[in-house]
Amino acid sequence: MLADVGNSRVKVCQLGQTQVLAFDWQCEDDRKQLRSWVEENLPARIVVASTSPRADEVLHATVWQGLPLQQLCTADVPLEILTEGTGMDRLLSAWVTWQQSQCAALIADCGTAYTVDFVDANGRFHGGAIGAGLSVQERALAAACPHLDLPVAPDTAIPNNTAGAVFAGTTISMALAIEGLAQRFERDQATEAARFLSGGDSPRLQEFLPAWQRRDHLVLEALALYIQSGH
């Protein structure tokens, strides 16, 4: 079984199957459902990639106990890593896209936080950027300015109402930031790179990032490739 533990959710699937289930690890009922699902499927091994120390603490205490767990660390990722303290989700996403594209790659993962990372054609992970995710931005803006309308996609390039302006200032702005960072990284490395878009907010951003290939479950793809490669 494969498990991708993020800042808010755990995504799991069986190796070789396409069905992906998601659970809120902060919710007791969801954790109980995850434990029941794991016990029903009786995996020989659970391979875990995690970005959240707090999630690890909670899941080890309530879900993973007594199960055959293999939790990956930085040293397990077959990349030359030129950074410090980088999360497993970023490293694994960079590795699987580099393996599959066999060229330099840019990876934008848009979840609770959004990241934009660069791996070169030789499989060296250079790092990237981290920012507040789209949903985080929307919630923060709504809390700070409750009088503003909720975001709605505008009909015009220059929004002429508040809902459209909020949409442009969050969704469209994030898409432009992602593409701008990508171009900055390409200029620095004097190369073009394949572009990959992942994460829970990627469907909302795809329209504004047409050159980016959407891949909804990159970390799970990476875990599957890791196992299939004999690890």
Side-chain angles (χ1 to χ4, degrees), residues 1-25 30-31 33-52 55-56 59-60 63-64 67-81 86-112 114-125 128 193-203 206 212-231:
M1 193 188 87
L2 315 176
D4 170 15
V5 180
N7 291 306
S8 57
R9 297 188 303 164
V10 186
K11 294 196 293 186
V12 294
C13 71
Q14 294 276 48
L15 181 65
Q17 298 185 10
T18 57
Q19 183 185 33
V20 174
L21 301 178
F23 301 87
D24 181 348
W25 62 261
D30 271 29
R31 293 196 302 271
Q33 291 176 34
L34 173 57
R35 176 72 185 198
S36 295
W37 183 81
V38 173
E39 290 176 341
E40 288 172 7
N41 286 277
L42 295 175
R45 176 171 50 148
I46 304 171
V47 182
V48 178
S50 175
T51 64
S52 170
D56 291 339
L59 291 170
H60 279 283
V63 177
W64 302 141
L67 297 173
L69 198 71
Q70 178 186 1
Q71 184 148 349
L72 300 190
C73 64
T74 300
D76 296 314
V77 183
L79 282 176
E80 183 180 351
I81 300 169
T86 305
M88 285 298 299
D89 56 340
R90 297 169 63 194
L91 296 174
L92 286 169
S93 295
W95 174 63
V96 72
T97 52
W98 170 67
Q99 281 284 311
Q100 294 171 349
S101 63
Q102 290 297 300
C103 66
L106 287 152
I107 307 94
D109 189 345
C110 304
T112 304
Y114 84 92
T115 58
V116 183
D117 290 311
F118 178 85
V119 57
D120 68 27
N122 295 314
R124 293 178 298 185
F125 180 83
R195 284 159 159 72
F196 299 92
L197 180 65
S198 189
D201 284 331
S202 59
Q206 178 74 83
W212 294 68
Q213 180 185 155
R214 198 172 121 206
R215 302 277 286 278
D216 289 334
H217 307 297
L218 271 178
V219 173
L220 293 176
E221 285 186 43
L223 292 175
L225 180 60
Y226 182 84
I227 295 171
Q228 292 161 355
S229 300
H231 295 91

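Keep in mind that what you see is a predicted model, and the values were worked out from it rather than measured.
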Report the residues that fulfil side chain to side chain donor-acceptor pair (under 3.5 Å) with T86, sequence neighbours left out, ordered by chain and then residue number. T83
Output yes when a side-chain donor or acceptor of R31 lies under 3.5 Å from a complementary backbone atom of W25, and no otherwise. yes
Spell out, as yes or no, whether a donor-acceptor pair under 3.5 Å connects the side chain of W98 to the backbone of A104. no
For R9, which residues count as a side chain to side chain contact (heavy atoms under 4.5 Å, CB included) partner, sequence neighbours excluded? K11, A22
Quick one: pull up CD in E221 and CD in Q228 and give me the separation to the nearest 0.5 Å. 10.5 Å
Is there side-chain contact between R214 and P203, with at least one heavy-atom pair below 4.5 Å? yes
Do W37 and V12 come close enough that some side-chain heavy atom pair is under 4.5 Å? yes
When every non-hydrogen atom of S52 is compared with those of G6, the smallest separation belongs to CB-O, 3.8 Å
Which residues satisfy the side chain to side chain contact (heavy atoms under 4.5 Å, CB included) test with Q99, sequence neighbours excluded? W95, L225
Determine the minimum heavy-atom distance between A49 and V219, stating which atoms define it. CB-CG1, 4.0 Å
Measure the spacing between CG of L220 and CE of M1 and express it to the nearest 0.5 Å. 10.0 Å
With N41 via side chain to side chain donor-acceptor pair (under 3.5 Å) - residues at least two apart: Q14
Looking only at heavy atoms, the pair that brings A194 and C103 closest together is CB-SG, 4.0 Å
Could I get the full list of side chain to side chain contact (heavy atoms under 4.5 Å, CB included) partners for D120, not counting sequence neighbours? F118, N122, R124, H126
S101 and A105 have their tightest heavy-atom pair at OG-CB, 4.3 Å
Measure the spacing between CZ of R45 and CG of L2 and express it to the nearest 0.5 Å. 9.0 Å
When you measure from the side chain of R35 to the backbone N and O of V63, does any donor-acceptor pair fall under 3.5 Å? yes
Roughly how far apart are L218 CG and F196 CZ, rounded to 0.5 Å? 8.0 Å
Do M88 and V5 have side-chain heavy atoms sitting under 4.5 Å apart? no
Minimal heavy-atom distance between L223 and A3, with the atoms involved, is CD1-O, 3.5 Å
Polar contact flag, side-chain donor to acceptor under 3.5 angstrom, D89-T51: no
Residues that D30 engages under side chain to side chain contact (heavy atoms under 4.5 Å, CB included), provided they are two or more places apart: F23, D24, C27, Q33
So NE2 of H60 and CD of Q71: to nearest 0.5 Å the spacing works out to 4.5 Å
First locate atom CG of D117, then atom OG of S93, and finally report the distance between them rounded to the nearest 0.5 Å. 8.0 Å
Heavy-atom distance under 4.5 Å between the side chains of V77 and F125, does that happen here? no
Pair D76, Q70: side-chain N/O donor-acceptor within cut-off below 3.5 Å: no
Can you confirm whether R90 sits close enough to D109 that some side-chain heavy atom of one is under 4.5 Å from a side-chain heavy atom of the other? no
Which heavy atom of W212 sits nearest to which heavy atom of L197, and what is that distance? CB-CB, 4.0 Å
